[in-house]
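Note sheet for the following structure.
Just so you know, ligand 1 is whichever comes first in the structure, and atom 1 is the first atom listed for that ligand. No experiment lies behind these values; they were computed from the predicted model shown.
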Amino acid sequence: MAAKLIKGTEIREEILEEIASEVSEIKEKKGVVPGLVTILVGENPASISYVTLKIKTANRLGFKEIQDNQPADIPEQDLLALIDKYNKDDSIHGILVQLPLPKHVDEKKVLNAIDPDKDVDGFHPVNVGRLMIGGSEVKYPPCTPAGIQELIVRSGVETKGAEVVVVGRSNIVGKPIANMMLQKGPGANSTVTVVHTSTKDMASHCQRADILIVAAGVPGLVKPEWIKPGACVIDVGVNRVGEKISEKTGQKVAILKGDVDFDAAKEIAGWITPVPGGVGPMTITMLMQNTLKALKFKLGIA
Ligand code: NAP
C-alpha cells in the first residue's frame, strides 16, 4: 500500500483528549461545564444509535447532557416551544435536533428556531453566512466538514495553494467544505472546484486534485485512474452494500463502502481515509468541539 492511512478513530481520540482537558480546566476555574441537549423525535433506529453515541461521548467528556425524547406525533408548535425553552436555559450551550423529523413537522422552521449562538450543528442560516464570510466571523463550522478539515490538517497535508476538488454539493458536506477550503487562513487557502451530476468531465477535474474530497453517496464512483498520484483522498461516502454477521457480536451488521474504490486507490494516493473509520468518527467529535466553543464564547474566552 502506497498511501498513508488517515485513521479517523485515532485522530478522534487525540481531539477528545484535548476537549476533556479543556473541560476540566474550565470546570476548575469557572465552575461550569458545556451543556448539550439532544432532541430526538420518534424512534428511528438509525437516529437512536447516533444519539446514543453522542450521549456516551458527551458523558465521557464531562459535559452536562440532556436527552430529550419526544413522541413522533408531537405537534410542531410544541417542538418550537421546547426549543424556545432551551434557548432560554443558561446551562445549555448547544442544542441539537436530530434529523430527520416526522413529515408533519417543517424541518426548516424548527432548525431556524434554534438560537444561532447555540446552533452547534452549524445549520442555521446565520451560521451558514458566518462560514461564508470566514475568519473570526465563523462560530460553528458544520461538524462533518469541520472533521474533514481536521483530518487533512492533522495528517500534515499542505492545503495552501493545493488544488482541492469536492465531489458533491450538498448543504451538509459539499458546499460547506468547499467554502472552508477556499478561505484565506491556515488549513485552507486552496483553489477549489466543486463537481456534481451536471459536470461534463468528472475524471479530468478529479485528476487535477491534490486533495480530493468525495461526498456523493455512490459506491465506487471515483475510479482509481481519476486519482492523481500522491493525492490526499477523503472519502465521505457511507453506502450500505449488504449485510454480514459480525465476528464480535454474532449479530447482522451492514457492509459499508465508500464512494472511492479503496483497494485500488490506496496504491496511487499519498493519503487516504478508510470507510468505515475515516470521516465517520469525526462528526460527533466536532459536535463536542462546537459545544465547548459555545461555552467559551459565553464565558468570553474563545
Ligand atoms: P446528498 O445530499 O445526497 O448529496 C450528494 C451530492 O453528490 C449531490 O450534490 C449530487 O449532485 C452529487 N452526486 C451524486 N451522484 C453523483 C454522480 N454520479 N456524479 C457526480 N456527483 C454526484 O449527500 P450528502 O448528504 O452530502 O452525503 C454524501 C455521502 O456522504 C453519503 O454517502 C452520506 O452517507 C455520507 N455522509 C457521511 C457523513 C459522516 O461520515 N459523518 C456525514 C454526512 C454524509 P447533484 O447536486 O447534482 O444532485
Atom 43 (C) of ligand 1: which protein heavy atom is closest, and how many Å away?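 Going atom by atom, the protein heavy atom closest to atom 43 (C) of ligand 1 ends up being Val173 CG2, 3.8 Å.
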
Give me the nearest non-hydrogen protein atom to atom 9 (O) of ligand 1 as residue plus atom name, then the distance to 0.1 Å.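 Looking only at protein heavy atoms, the one closest to atom 9 (O) of ligand 1 is Arg169 N, 2.8 Å.
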
Is atom 2 (O) of ligand 1 near the protein, in the sense that some protein heavy atom lies at less than 4.0 Å from it?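 Yes.
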
Considering all heavy atoms of both residues, which atom of Pro116 and which atom of Arg130 are nearest to each other, and what is their separation?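 In terms of heavy atoms, the two residues are closest at O-NH1, 4.0 Å.
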
Ligand 1 contact on [X] by region, counting heavy-atom pairs under 4.0 Å:
| X | value |
| --- | --- |
| Met282 | neither |
| Thr199 | neither |
| Thr197 | both |

Any donor-acceptor N/O pair, [X] side chain to [Y] backbone, under 3.5 Å:
| X | Y | value |
| --- | --- | --- |
| Asn87 | Asp115 | yes |
| Asn179 | Leu131 | yes |
| Asp259 | Val236 | no |
| Asn239 | Val241 | no |

Does some side-chain heavy atom of Ile11 sit less than 4.5 Å from a side-chain heavy atom of Ser155?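 Contact flag for Ser155/Ile11 side chains = yes.
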
Is there side-chain contact between Ile15 and Met282, with at least one heavy-atom pair below 4.5 Å?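 A side-chain contact under 4.5 Å exists here.
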
In terms of atom number and element, which parts of ligand 1 are under 4.0 angstrom from non-hydrogen atoms of [X]?
| X | answer |
| --- | --- |
| Gly168 | 6 (C), 7 (O), 9 (O), 12 (C) |
| Gly280 | 40 (O) |
| Thr283 | 39 (C), 41 (N) |
| Val218 | 15 (N) |
| Met202 | 19 (N), 20 (C) |

Is Asp84 paired with Lys88 through a side-chain N to carboxylate O contact shorter than 4.0 Å?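 Answer for the salt bridge query: yes.
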
In this structure, does ligand 1 have an atom that sits under 4.0 Å from one of the heavy atoms of Gly174?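 No, Gly174 has no heavy atoms under 4.0 Å from ligand 1.
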
Does ligand 1 have any atom sitting under 4.0 Å from a heavy atom of Val236?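 Distance cut 4.0 Å: Val236 passes for ligand 1.
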
Do any nitrogen or oxygen atoms of [X] lie less than 3.5 angstrom from nitrogen or oxygen atoms of ligand 1?
| X | value |
| --- | --- |
| Val238 | yes |
| Asp259 | no |
| Ser198 | no |

Hey, which of Asp121, Asp119, Asp117 is the one that makes side chain to side chain donor-acceptor pair (under 3.5 Å) with Asn127?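 The single option meeting the side chain to side chain donor-acceptor pair (under 3.5 Å) with Asn127 is Asp119.
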
Heavy-atom nearest neighbour of atom 17 (C) of ligand 1 within options Asp235, Ile284, Thr144, Leu221: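 Nearest option to atom 17 (C) of ligand 1, by heavy atoms: Leu221.
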
Would you sort out whether Glu22 and Lys296 count as a salt bridge (charged side-chain N to carboxylate O under 4.0 Å, His left out), showing the intermediate values? CA-CA 10 Å; Glu22 263 200 86; Lys296 287 165 70 180; 2.7 Å; yes

